[in-house]
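Single-structure report; data block below.
In the text below, chain A, chain B and the rest are named by the order of the sequence lines, each starting its count at 1. Source: prediction; values computed, not measured.
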Number of protein chains: 2
Amino acid sequence: MLNDPIYEDELEKLEEARNCFITEIAKNMHLYNITASTGRLYGTVFFAEKPMTLDEMSEALGMSKTSMSTGIRSLLDADMVERVWEKGIRKDLYKTEDDWYKSFSNVFIKRWRNATKLNVEAIEETKVQLRRLKEESPYEGIREKAEADLDKLAKAEEYYAWLTDVVNLFETGEIFNIVPKRKGDK
Amino acid sequence: MLNDPIYEDELEKLEEARNCFITEIAKNMHLYNITASTGRLYGTVFFAEKPMTLDEMSEALGMSKTSMSTGIRSLLDADMVERVWEKGIRKDLYKTEDDWYKSFSNVFIKRWRNATKLNVEAIEETKVQLRRLKEESPYEGIREKAEADLDKLAKAEEYYAWLTDVVNLFETGEIFNIVPKRKGDK
DNA sequence: TTTTACGTACAGTTTTTTCTGAACAAACTT
DNA sequence: AAGTTTGTTCAGAAAAAACTGTACGTAAAA
């Protein structure tokens, strides 16, 4: 069977079918801050019948093992892939996380919570400086500008408070009460 | 006042305060698929007392007008900036969208809806090919693989159906019933 | 109409990111 | 202990992206 040209042909068709999905998903992977190459890696592991080693990935994609190593790490960070253990196998094995809801939520939470935190901190620091100007500047023009800026930042803070609430919706899993997971329905 | 060194100094302090926020927001702008440079552009327009022209932006940031043009376009695409019209002014004027809830929602909707659409289309196409293999391949191994892949894709479809629901939550504005906008509270 | 002002397309340059192979360190095998 | 195997670090090469200045088309002004 391994040298059966018709079987090879069928296998080729299978690859082609898979490739259709892999190519598309790789293109949209940048939404998770993941490069297209790493997206293809994800797709490859996704369709694999069993967990893959770095060497197998390297072979499958025709890319260096180094790239597989860094790519897998990105995917691990994004909780899109996990390491599995198999008896008697020395190499690291990886499979895709099958709970896509979880992957999405994790990425969503991680990214927005972090961004919110940093931005709110920056707002606080900026406010300190602006308040000083507003209260102490000898120039009315400066005081007015500082006040106007403070108003703008206050609005921004409201928004970040809301965004934090939204992130919490995903973190607590409450989102699944509001938008239930689909099971088998179209 | 224009040549008053103390006033200049105060203005400098104002710039510095603003810069603190601008720098941070620019760093996190990549979450909206926007470069750090364009992020700084956003910050500059955000703090400006009145709508800015491309030339003013170029002057303020020390970058080419071409870059301002393309940067502003990215921001327009993301609904983070809008063009405004002022009587007697020939140049295009831009201000930041003050409804950040809207900006966030728009970006969120646009990006995820688009990604979902493309991925679902790819899944459909892949399914067609896999079904053919599953039904017509003379090799049991191939038929089994095709079936396994179809199962995986079915799970992916469920996820995308859910994601579409989530996106709709933002598109219809229903998210604001669940997570109300903050007004003035901390 | 001619002139001027304005925004953008495009090609080339600079900067940043991605990718690779060699060298290394840790852990397993013998 | 010596010798493999395996994943990762690192410096340099290759690829991609960002940025700039020139040139051009369009529309307002003269």
Side-chain angles (χ1 to χ4, degrees), chain A residues 22-23 25-45 48 50-78 80-95 111, chain B residues 22-23 25-45 48 50-78 80-95 111:
Chain A
I22 292 175
T23 300
I25 211 177
K27 270 191 261 175
N28 293 106
M29 216 51 126
H30 67 98
L31 292 176
Y32 295 93
N33 239 8
I34 281 169
T35 63
S37 294
T38 304
R40 292 198 71 85
L41 172 58
Y42 176 86
T44 305
V45 180
K50 49 185 182 48
M52 292 178 83
T53 67
L54 291 180
D55 287 313
E56 287 166 348
M57 299 171 202
S58 178
E59 162 70 23
L61 290 167
M63 286 177 74
S64 74
K65 200 174 163 184
T66 305
S67 293
M68 301 302 99
S69 180
T70 53
I72 278 290
R73 191 150 43 182
S74 304
L75 293 170
L76 281 172
D77 277 355
M80 303 180 84
V81 130
E82 58 187 355
R83 225 182 120 177
V84 293
W85 182 85
E86 248 172 67
K87 195 176 159 185
I89 295 184
R90 243 176 93 182
K91 300 185 181 187
D92 294 355
L93 291 169
Y94 299 92
K95 69 185 278 293
R111 298 176 73 187
Chain B
I22 292 176
T23 301
I25 211 180
K27 273 193 258 176
N28 293 105
M29 214 54 127
H30 68 98
L31 293 175
Y32 295 93
N33 241 6
I34 279 169
T35 64
S37 294
T38 304
R40 293 198 71 85
L41 172 58
Y42 176 84
T44 305
V45 180
K50 49 184 181 50
M52 292 179 81
T53 66
L54 292 180
D55 286 311
E56 286 165 348
M57 299 172 203
S58 177
E59 162 69 22
L61 290 167
M63 287 178 73
S64 73
K65 199 172 163 185
T66 307
S67 292
M68 299 303 99
S69 179
T70 54
I72 277 290
R73 189 145 48 171
S74 304
L75 293 171
L76 281 171
D77 277 355
M80 302 180 85
V81 130
E82 58 186 357
R83 225 183 120 175
V84 293
W85 182 86
E86 249 172 67
K87 195 175 160 187
I89 296 184
R90 236 176 100 181
K91 300 186 182 189
D92 294 355
L93 291 169
Y94 299 93
K95 69 186 278 291
R111 297 177 74 186

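The side chain of A/D92 approaches D/dG7 more closely than any other nucleotide in the set D/dT5, D/dG7, C/dG7. Closest contact between the side chain of B/L54 and the listed nucleotides D/dG7, C/dT8, D/dC19 involves C/dT8. Ranking D/dA18, C/dT8, C/dG21 by closeness to the B/S37 side chain, first place goes to D/dA18. Of the listed nucleotides (C/dC6, D/dT20, D/dA18), D/dT20 has the atom at the smallest distance from the side chain of B/S67. When each of C/dT20, D/dT6, C/dC10 is scored by its nearest atom to the side-chain atoms of A/M63, the top-ranked nucleotide is C/dT20. Looking at the side chain of A/T35, the nearest of the listed nucleotides C/dT8, D/dG21, C/dC19 is C/dC19. Each of D/dT20, C/dG7, C/dA22 was ranked by its minimum atom distance to the side chain of B/T66; first place goes to D/dT20.
Straight-line distance from the NZ atom of B/K91 to the C1' atom of C/dT8: 15 Å, rounded to whole Å. Here the P atom of nucleotide C/dT20 and the CE atom of A/M68 are 7 Å apart, to the nearest Å. D/dT8 atom P lies 11 Å from atom CE of A/M57, rounded to whole Å. Atom-to-atom, CZ of A/R40 to P of C/dC19 comes out at 12 Å; the value is rounded to the nearest Å. Between A/R83 atom CZ and D/dT6 atom C1' there is a gap of 11 Å when expressed in whole angstrom units. Between the CG atom of B/D55 and the P atom of C/dT8 there is a distance of 12 Å, rounded to whole Å. Remark: C1' of D/dG21 and NZ of B/K65 are 13 Å apart, rounded to the nearest angstrom. Taking atom CG on B/L61 and atom P on D/dA18, their separation rounds to 16 Å, with Å as the unit.
Toward the 5' end of DNA chain C, the nearer of the two residues B/L93 and A/R90, judged by each one's closest nucleotide, is B/L93.
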Trace of the side-chain contact (heavy atoms from CB on, under 4.5 Å) decision for B/T38 with B/M29: CA-CA 8 Å; B/T38 304; B/M29 214 54 127; over 6 Å; no
Stepwise side-chain contact (heavy atoms from CB on, under 4.5 Å) check, A/I34 with A/M80: CA-CA 11 Å; A/I34 281 169; A/M80 303 180 84; 3.5 Å; yes
List the atom pairs, with distances to 0.1 Å, where a side-chain N or O of residues 65-73 of chain A and a protein N or O form a donor-acceptor pair under 3.5 Å, not counting sequence neighbours.
{"residue": "A/S67", "atom": "OG", "partner": "A/S64", "partner atom": "OG", "Å": "3.1"}
{"residue": "A/T70", "atom": "OG1", "partner": "A/T66", "partner atom": "O", "Å": "3.4"}
{"residue": "A/T70", "atom": "OG1", "partner": "A/S67", "partner atom": "O", "Å": "3.0"}

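When the shell of 6.0 Å around CD of B/E59 is examined, it contains 12 or fewer heavy atoms from other residues, nucleotides or ligands.
Between B/V81 and B/Y42, the closest heavy-atom pair is CG2-CD1, 4.4 Å.
Contact annotation: B/S69 reaches the phosphate of C/dT8 (side-chain N/O to OP1 or OP2, under 4.0 Å).
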